[in-house]
Amino acid sequence: MNLCEVRITRKAFDGVTVLSEIDLSVAPGSFTALVGPSGAGKSTLLNVVSGLDSDYQGDLCWAADDRRRVGYLFQEPRLMPWLSARRNIELVMPEPDAAVARIDQLLQRVGLTGRGDALPGELSGGMQRRVALARAMAIEPDLLLLDEPFSSLDEPTADGLRRLLIALCREQGNAVLLVTHNLREALSLADRVLFLSRDPATIVHREELADTPRDDGQLRDPAGLLQDLLARHPGILSGIVQSGDRG
Amino acid sequence: MLQGSTWGRWLFLGIFLGAWQVAAFVLQSDQLPGPIEVMQSLWRHLVDGDLLSSVLVTLRRVVLAFALAMGFGVLIGFLMGRFPVVDTMFDGVLIMGLNIPALVVIILCYVWFGLVESAAVAAVAINKLPLVAVTVREGVRAVDRQLLQVGQVFRVPLSRRLRYIYLPQLYPYLMAAARSGLSLIWKIVLVVELLGRSDGVGFQLGTFFQFFDITSILAYTLAFVFVIYTIESVLLRPLESRLTRWRS
């Protein structure tokens, strides 16, 4: 049974259709990546799934509506600058008073042991994203939404965070829905990659990668997959990936 | 060791007092007593007890009116900033409230409710309330929507959202409303007391005015300035620095 089923017939801003005929199901524990060009409406799609945006035509069905927990890693860390790393995590937890041990464990897991009392302004960009990741995982989400969360980081830092993300999701068994314009990132992380066109955004191709081997906690090497994909669908990358992603 | 700004402040005070004393000595007029004479009068009023009791009575009115204006002003301002329909409803009343002269409100309160304590406090609070509401409304409008979305997605309970997401962003606006509010309330309370109360600093100043007792008027003013500075340095500044510590 799917964790969540999304059917968006139409989503428009000021009469302009942004999303059209999106049909997407998310299985428990799966990792789905949606790849599309910048400005296609990827973030809008995540806002619909997260419940931030309810002004659309279509349906959003959850397997167990009363129990669903959604974590969200935004493009920016979106930490409260006046709260310490620890308090930022505590803020979203259902029972903050009983969460001390869990927060310590999460901070240790994301490599921030001893930095729990630091304010976001005292942490580097990579560290802030680690706190945001710990915050998203703190609620033990059924579904984790990722909106290009590593796009503004340098590649080694981003890769470290991607590995951490894979490891944490494997530990907790949550499903992931990632939107990105970076096809390499999608291929190295996801079990399934959906390709979005733009104006309006609609799914034009689905690529299943679940059988492709990936070592525990490691990223998949996207080079071979990318070549194979290009050979089968020569036009698939037009308008989606930036030249640097073709590597 | 004293810092540069503290030196500057004491230096200015010294120059001011010196110039005042010189002017009083040169003019030799009852209308401009010197600072030493004013200090002696201040001491006399303190010993007699009238100064302390008047200041306490006024202070009580200030605190009550301040609490009422801030409480209702914050509530109305928050709702106006948060819900456009409430903003549309109250906007006209607010503009009217901002522009009606304080004296009109005071007179109307006394006429409608009588020369009683509650009318005096209400008149002051009503004068101040629109300014608080407008300041808080602007604060709520400026709240970072992206941070609010965090609370929404993670289903943070409303009480926690208000305390940890809204309030810290509103602190600068609340402090501005408190500061400007306090200064306005001081001024209006004295007028209210002058017009319709038989105690308080305003009433005493009215009495001194009838006798052209400028020395006592200045002595009371000095005591008042002392109270304002005490509130500013003991309450407002430490509170502000505590609430905005994260900015540094």
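Worth saying up front: this structure is predicted, and the values here are computed from it rather than measured. Letters A, B, ... are given to chains in the order of the sequence lines, protein chains preceding strands, and every chain is numbered from 1.
The existence of a salt bridge linking A:Arg109 and A:Glu171 is confirmed by a sub-4.0 Å separation between a basic side-chain nitrogen and an acidic carboxylate oxygen. With respect to B:Arg141 and B:Asp87, a salt bridge is recorded, a charged nitrogen being found less than 4.0 Å from a carboxylate O.
With sequence neighbours excluded, the residues that form a side chain to side chain contact (heavy atoms under 4.5 Å, CB included) with A:Leu119 are A:Glu122, B:Trp246. Applying the salt bridge (Lys or Arg N to Asp or Glu O under 4.0 Å) criterion to B:Lys128, with sequence neighbours excluded, gives no partner residue.
At a heavy-atom cut-off of under 4.5 Å, chain A is reached by B:Arg160, B:Tyr164, B:Ile165, B:Pro168, B:Gln169 from residues 157-191 of chain B, listed in order of number. Contacts of residues 82-92 of chain A with chain B at a heavy-atom distance below 4.5 Å involve A:Trp82, A:Leu83, A:Arg87, A:Glu90, A:Leu91, A:Val92, listed in sequence order.
Residue A:Leu79 touches chain B through its backbone alone, counting heavy-atom pairs closer than 4.5 Å. Both the backbone and the side chain of A:Ala136 have a heavy atom closer than 4.5 Å to some heavy atom of chain B. When heavy atoms are compared at a cutoff of 4.5 Å, A:Pro120 does not approach chain B at all.
Side-chain contact annotation: A:Asp191 with A:Ser30, donor-acceptor N/O pair under 3.5 Å absent. Of the N and O atoms on the side chains of B:Glu193 and B:Thr58, at least one donor lies less than 3.5 Å from an acceptor on the other residue. For the residue pair A:Arg10 / A:Ser20, no side-chain donor-acceptor distance below 3.5 Å is found, with atom types taken as modelled.
Pairing each heavy atom of B:Leu94 with each of B:Pro130, the nearest pair is CD1-CA, 3.8 Å.
Within a 6.0 Å sphere centred on CZ of B:Arg242, heavy atoms belonging to other residues, nucleotides or ligands number 12 at most.
Comparing B:Asp144, B:Leu243, B:Val156 by heavy-atom pairs within less than 4.5 Å of chain A, the highest count is held by B:Val156.
Residues B:Phe224 and B:Phe226 keep their aromatic ring centres 6.0 Å or farther apart.
A 4.5 Å side-chain heavy-atom check between A:Leu161 and A:Leu153 finds at least one atom pair inside the cut-off.
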